[in-house]
Structure formats: C-alpha cells, structure tokens
Amino acid sequence: MRLAAKARADGSALADLRQSGAFKALFPRPRDGAVDAILVNTAGGITGGDRFEAQVEARAGSHLRVTTQAAERAYRAQPGERGRVRNRLAVGPGARLDWLPQETILFEGSALERTLMADLAADARLLLVEPLVFGRAAMGEVVHDALFRDRIEIRREGVPLYLDALRLHGDVAADLARPAVAGGAGAMASLVFADPGAEAHLGPLRALMPATGGASLLRKDVLVMRLLAPDSFALRRVLVPVLMRLTGNSLPRSWMT
Amino acid sequence: MTIPMVSMITCTTTTMPTDAQVMKLAQWLSPAYPVGAFAYSHGLESAVAMGTVPDAAALREWLGDILFQGAGRADAIFLAAAYRAPDAAALAELDATARAFQPSAERLLETTAQGAAFARITGAVWPADLPDLTYPVALGRAARLHDLPLLLTARMYLHAFASNLVSAGIRLIPIGQTDGQKVLTALTPLCERVAEEAMAETLDELSSTAFLADIASMTHETQYSRLFRT
C-alpha cells in the first residue's frame with residue numbers, strides 16, 4: 001500500500017493512495033489540519049507466508065497521522081515460514097508524521113520479521129510508537145516458541161539518527177523472565193519523538209514512567225522511551241497519557257476504545 | 001544461564017597471537033589505560049538502587065544478560081565491523097550507526113567518552129590518525145591498524161567490560177573482592193562465546209534485548225545520589 005499526504009492552504013490532504021491485497025486505509029473526517037489514516041488488515045492478522053508493505057509519506061509542510069483499526073495479530077506460522085512486514089516512512093521538509101499503530105500481538109508459534117525505515121528531511125518531525133504484546137495474557141497464553149525480528153531505522157538527511165534492533169527466538173517467555181531483559185513483563189512499547197521541541201517533554205514523560213519504564217533525550221531533538229508492563233492493559237494505562245501529550249491531545253480515536 | 005561449550009572450530013583457522021600482540025591488548029584493555037572506564041556502571045548503579053541486583057548471584061545474572069544479549073554482543077559486532085571496514089567512509093558510517101544504536105543519553109556518553117579517550121591516548125603513544133569514535137569502533141580500528149588478532153581483541157574487550165562492571169558491583173552492592181572475582185570467572189566463558197559468535201554476525205544481525213538494563217541507564221539520569229557517570 002502507498003499513502004501520502006500533502007499540504008494545502010487549509011491544512012493537509014490526501015495526495016496519493018494505492019491499495020492492494022489485505023491492507024486498506026480508512027480516512028475519518030480531518031481534525032486540526034492533519035490527515036488521519038486508519039490502516040486495516042482485512043485478513044485479520046499475519047500468518048507464516050504473508051507479506052505486508054506500506055509506504056507512508058508526509059510531504060512538505062503536511063501533517064499525517066497513521067494508526068491501525070485494531071491490534072495486529074501474528075498467528076502461528078507453518079514450520080519454516082515467516083511473515084514479513086516492511087514499512088517505509090518518509091517525512092518531507094517542515095512535515096510531521098505520527099506513526100501510532102496499536103499493539104502487535106505475538107501468538108505462540110508465530111514467526112514474524114519486521115522492518116521500519118524512516119527518512120526525515122532536515123526539519124521534519126516524527127512521532128513513532130511500536131507497542132508489542134507477547135501472547136494473550138488474558139487467555140493464559142505463554143509464548144514458549146516464537147520467532148520475532150524487528151528493526152527500526154530512522155535517518156535524518158541520510159545520517160543514522162536512531163536504530164533499534166531486536167531478535168527473540170525460541171522460548172520468548174523464559175527470555176523475557178530474565179532480570180536484565182524484561183523481568184517477566186508481557187508487553188513493551190518503544191517510542192521515538194524527533195522534534196525540535198522534544199526536550200520540553202522529557203521531564204513530564206519521566207514523571208509518567210513506572211519503575212519499568214524510562215525516557216531519555218538522545219540529542220537535543222530526539223527523545224526516546226522504552227516501557228515494559230505486565231500486559232497490554234497495564235501498558236496502555238501508561239502509554240495513552242504519553243501519546244496524548246506528544247500528539248497534543250490528538251491521539252486517534254481507535255486508540256481510545 | 002546455561003553456557004554451552006565453546007566451539008573449537010575457529011582455533012584451527014586463526015594463527016596464534018604473538019606475545020607482543022597479547023601484551024599490547026593487555027595494555028589497552030587494562031583498567032590502568034586512561035579511558036576512564038571506572039566512571040561508568042552501564043545502569044548498574046540504578047539497578048542496585050532499585051533492589052534488582054542485591055547480591056553476587058544477581059550481579060552474575062544481570063551482567064550475563066548484558067553480555068549475551070545486550071551491549072556486549074552488539075559491541076563485539078561493531079568492533080568486528082570496524083576491524084573489517086574497508087575505508088574511512090565505511091568507518092564513519094559504522095560509527096554513526098553505533099551512536100544511533102545507543103538506547104539512552106548516558107549510554108551514548110559511555111561509549112563516546114571512552115572511545116574518544118581511547119583514540120586520543122592510543123593515537124598519541126603510537127602516532128596514528130585515530131578520529132573520535134565510539135569505543136568498540138575505535139578499538140576495532142586500532143586493532144586493525146596494529147595488526148592485532150580480531151577474535152582475541154573482542155574477547156579481551158568483553159572481558160574488560162565485564163571486569164569493569166564487576167568492580168562497579170563490588171563497590172555498589174557491595175560484595176567482597178573474592179565474590180566479585182568469582183562472578184568474573186563465571187562470566188569469562190560467556191565473554192569468549194559471545195566474541196566468537198559475533199565474528200560471524202553482521203550489522204544485519206544486530207540485536208539488543210537487555211531492555212531493563214537500558215531502562216536502568218535511563219532512570220540513572222535522575223538518580224539523586226550517584227558515584228558513577230552512567
């Protein structure tokens with residue numbers, strides 16, 4: 001799927017939309033000058049052989065907010081098969097992109113490889129969050145056998161700004177139980193806020209963190225946060241106020257249900 | 001942590017390091033080499049304050065995670081990539097990647113400050129042009145310039161890294177010197193194993209999942225009373 005927003009005199013507007021396969025986009029009525037896009041996986045989840053690709057662009061001066069309609073589910077994969085998700089983000093001069101997908105839930109037996117590459121112009125702004133849930137705690141599910149590879153690469157004018165890479169393979173629950181890994185947490189969120197005003201949010205974000213979360217200013221204009229929680233409910237209880245603050249109270253509605 | 005036996009395969013493909021090479025690495029990775037390693041706890045100070053690392057057994061587990069699936073393995077991959085970097089442009093791109101991979105401001109400080117100090121002193125003692133680089137990148141580059149064996153360099157780097165954090169643990173928890181040396185002895189096979197595995201891993205295989213160690217380095221930023229810079 002390809003999706004782009006552009007700037008107009010009265011705010012941002014959709015510039016390009018091409019959809020194929022199971023990925024569709026919905027567009028609620030514009031709010032506060034931004035284009036809102038809600039991605040829907042009509043297949044209901046990701047299994048072994050699936051390929052999903054999204055190219056999302058906020059062109060010069062525009063503001064695009066992207067979320068998902070529901071949590072993404074990585075289902076059990078057949079032996080040897082891997083689901084692949086590739087997301088490419090581009091944020092043009094003076095533009096802002098908010099990449100706010102809901103949780104990705106890794107089921108027992110799932111195999112998922114995911115990459116997200118973001119290219120920012122010199123003065124582009126990006127808010128990115130990726131919440132992850134390891135098994136459905138409410139169903140008593142524990143992930144003893146799964147494969148998950150994730151890589152998030154953000155560049156500004158071609159220079160690496162932020163890189164996060166993680167591999168979990170095998171008994172994920174046992175790994176997450178380790179003391180310097182996750183101490184038994186079942187959910188995690190990673191957040192990056194690249195914005196000239198990022199520094200002002202450091203103190204307030206720290207104040208919102210539980211003992212299993214942290215925020216740090218990597219550079220004057222790059223704020224990062226990592227948060228662990230027992231389950232997705234506890235994760236959201238911390239994450240929603242954080243996202244409300246960083247979106248200026250414009251967190252997409254699908255997050256609030 | 002269960003530690004399988006270290007594979008013996010690579011021993012047949014590398015030539016034995018000379019005494020002079022071993023001595024140079026011992027000098028570079030000694031606590032007396034002025035990179036200031038003693039000032040960095042890699043978030044351990046915060047983890048101790050929060051009660052996560054109360055004794056020698058917990059220290060061994062905490063550091064084992066960091067070596068096996070945190071900065072230890074990632075640094076060994078960066079070190080090997082720097083050693084193999086074909087030119088200055090590749091080295092600069094690698095160093096930018098290593099900076100972008102740091103999870104917090106203090107971890108960025110830890111690797112850039114030690115790397116700059118290492119480059120300064122090494123470039124002054126053995127005159128050579130070593131730019132300011134992150135620590136594993138600077139060491140990998142210097143090892144290449146001095147024609148030192150890569151695997152031994154990575155092993156000794158990880159051992160020095162573990163040794164420095166054990167010293168931090170001895171002061172912070174506190175634990176006795178003997179218990180500290182027992183922890184380091186238990187971690188040494190892991191240093192060897194991670195170094196060996198990292199030789200075959202590229203930047204595509206980078207991974208860091210010591211999430212709570214990363215978070216500890218973030219919460220350390222606001223810790224009220226601190227002995228360490230990180």
Side-chain angles (χ1 to χ4, degrees), chain A residues 113 115 132 148-169 172 174-185 187-190 192 194 199 202-203 205-207 209-220 222-229, chain B residues 1 42-44 46-47 49-54 57-74 77 92-109 201 203-222:
Chain A
E113 288 190 7
T115 59
L132 270 175
F148 180 61
R149 290 186 65 158
D150 197 21
R151 192 171 175 108
I152 298 173
E153 247 182 89
I154 304 172
R155 288 171 179 263
R156 195 188 280 289
E157 293 191 295
V159 178
L161 192 68
Y162 173 87
L163 171 63
D164 187 37
L166 59 100
R167 275 188 297 174
L168 294 166
H169 191 191
V172 172
D175 202 13
L176 295 175
R178 296 205 48 84
V181 177
M188 179 172 85
S190 309
V192 186
E199 191 172 3
L202 177 61
L205 247 61
R206 279 174 173 155
M209 287 300 105
T212 55
S216 186
L217 193 73
L218 289 183
R219 302 164 194 240
K220 220 176 141 26
V222 180
L223 180 63
V224 296
M225 188 197 87
R226 183 90 84 179
L227 172 65
L228 295 167
Chain B
M1 176 172 300
H42 203 82
L44 179 62
S46 173
M50 290 203 288
T52 312
V53 186
L59 180 65
R60 189 182 64 226
E61 296 298 309
W62 179 265
L63 297 183
D65 288 351
I66 291 171
L67 285 167
F68 187 69
Q69 59 197 86
R73 182 177 299 266
I77 292 174
E93 167 76 14
L94 173 67
D95 190 60
T97 303
R99 284 167 200 258
F101 195 59
Q102 300 309 314
S104 69
E106 289 197 348
R107 289 275 294 280
L108 183 61
L109 171 75
E201 293 177 327
L203 295 182
D204 288 340
E205 277 123 343
L206 268 180
S207 169
S208 181
T209 54
F211 305 121
L212 281 171
D214 296 348
I215 288 168
S217 78
M218 294 173 171
T219 52
H220 187 263
E221 292 175 15
T222 52

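Since we're looking at a predicted model, the values are computed, not measured.
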> Between atom CZ of A:R178 and atom CZ of B:F68, what is the distance when rounded to the nearest 0.5 Å?
Replying inline: 9.0 Å
> Is there side-chain contact between B:L206 and A:R151, with at least one heavy-atom pair below 4.5 Å?
Replying inline: yes
> So do B:M218 and A:V224 actually touch side chain to side chain, heavy atoms under 4.5 Å?
Replying inline: yes
>> Is there a side-chain contact between A:L166 and B:F211 in this structure, where contact means two heavy atoms from C-beta onward sitting under 4.5 Å apart?
In response: yes
> When rounded to the nearest 0.5 angstrom, what is the spacing between CG in B:L212 and CZ in A:R226?
Replying inline: 10.5 Å
> Rounded to the nearest 0.5 Å, how far apart are CZ of B:R99 and CG of A:L161?
Replying inline: 13.0 Å
> Measuring heavy-atom distances to chain A, does B:S217 have an atom under 4.5 Å in its side chain, in its backbone, in both, or in neither?
Replying inline: neither
>> For the OG1 atom of B:T219 and the CZ atom of A:R206, what is their distance to the nearest 0.5 Å?
In response: 10.0 Å
>> Can you tell me which portion of A:L218 sits under 4.5 Å from chain B's heavy atoms? Options are side chain, backbone, both or neither.
In response: both
>> Please classify the contact of A:M209 with chain B as side chain, backbone, both or neither, using a heavy-atom distance under 4.5 Å.
In response: neither
> Taking side chain as C-beta onward, heavy atoms only, is B:I215 less than 4.5 Å from A:L227?
Replying inline: no
> If you measure from the Lys or Arg side-chain nitrogens to the Asp or Glu carboxylate oxygens, is any gap between A:R167 and B:E201 under 4.0 Å?
Replying inline: yes
>> Let me confirm one number: the CG-CG distance from B:D65 to A:D175, rounded to the nearest 0.5 Å.
In response: 8.0 Å
>> Quick check on A:L168 against chain B: is it the side chain, the backbone, both or neither that has a heavy atom closer than 4.5 Å?
In response: side chain
> Using a cut-off of under 4.5 Å for heavy-atom pairs, which of B:D204, B:T209, B:I66 has the most such pairs with chain A?
Replying inline: B:T209
>> Test your reading of the model: is there a side-chain donor-acceptor pair from B:S104 to the backbone of A:S216, 3.5 Å cut-off?
In response: no
> Side chain, backbone, both or neither: which part of B:Q102 has a non-hydrogen atom closer than 4.5 Å to chain A?
Replying inline: backbone
> Looking at A:I154, A:V181, A:L176, which makes the most heavy-atom pairs under 4.5 Å with chain B?
Replying inline: A:V181
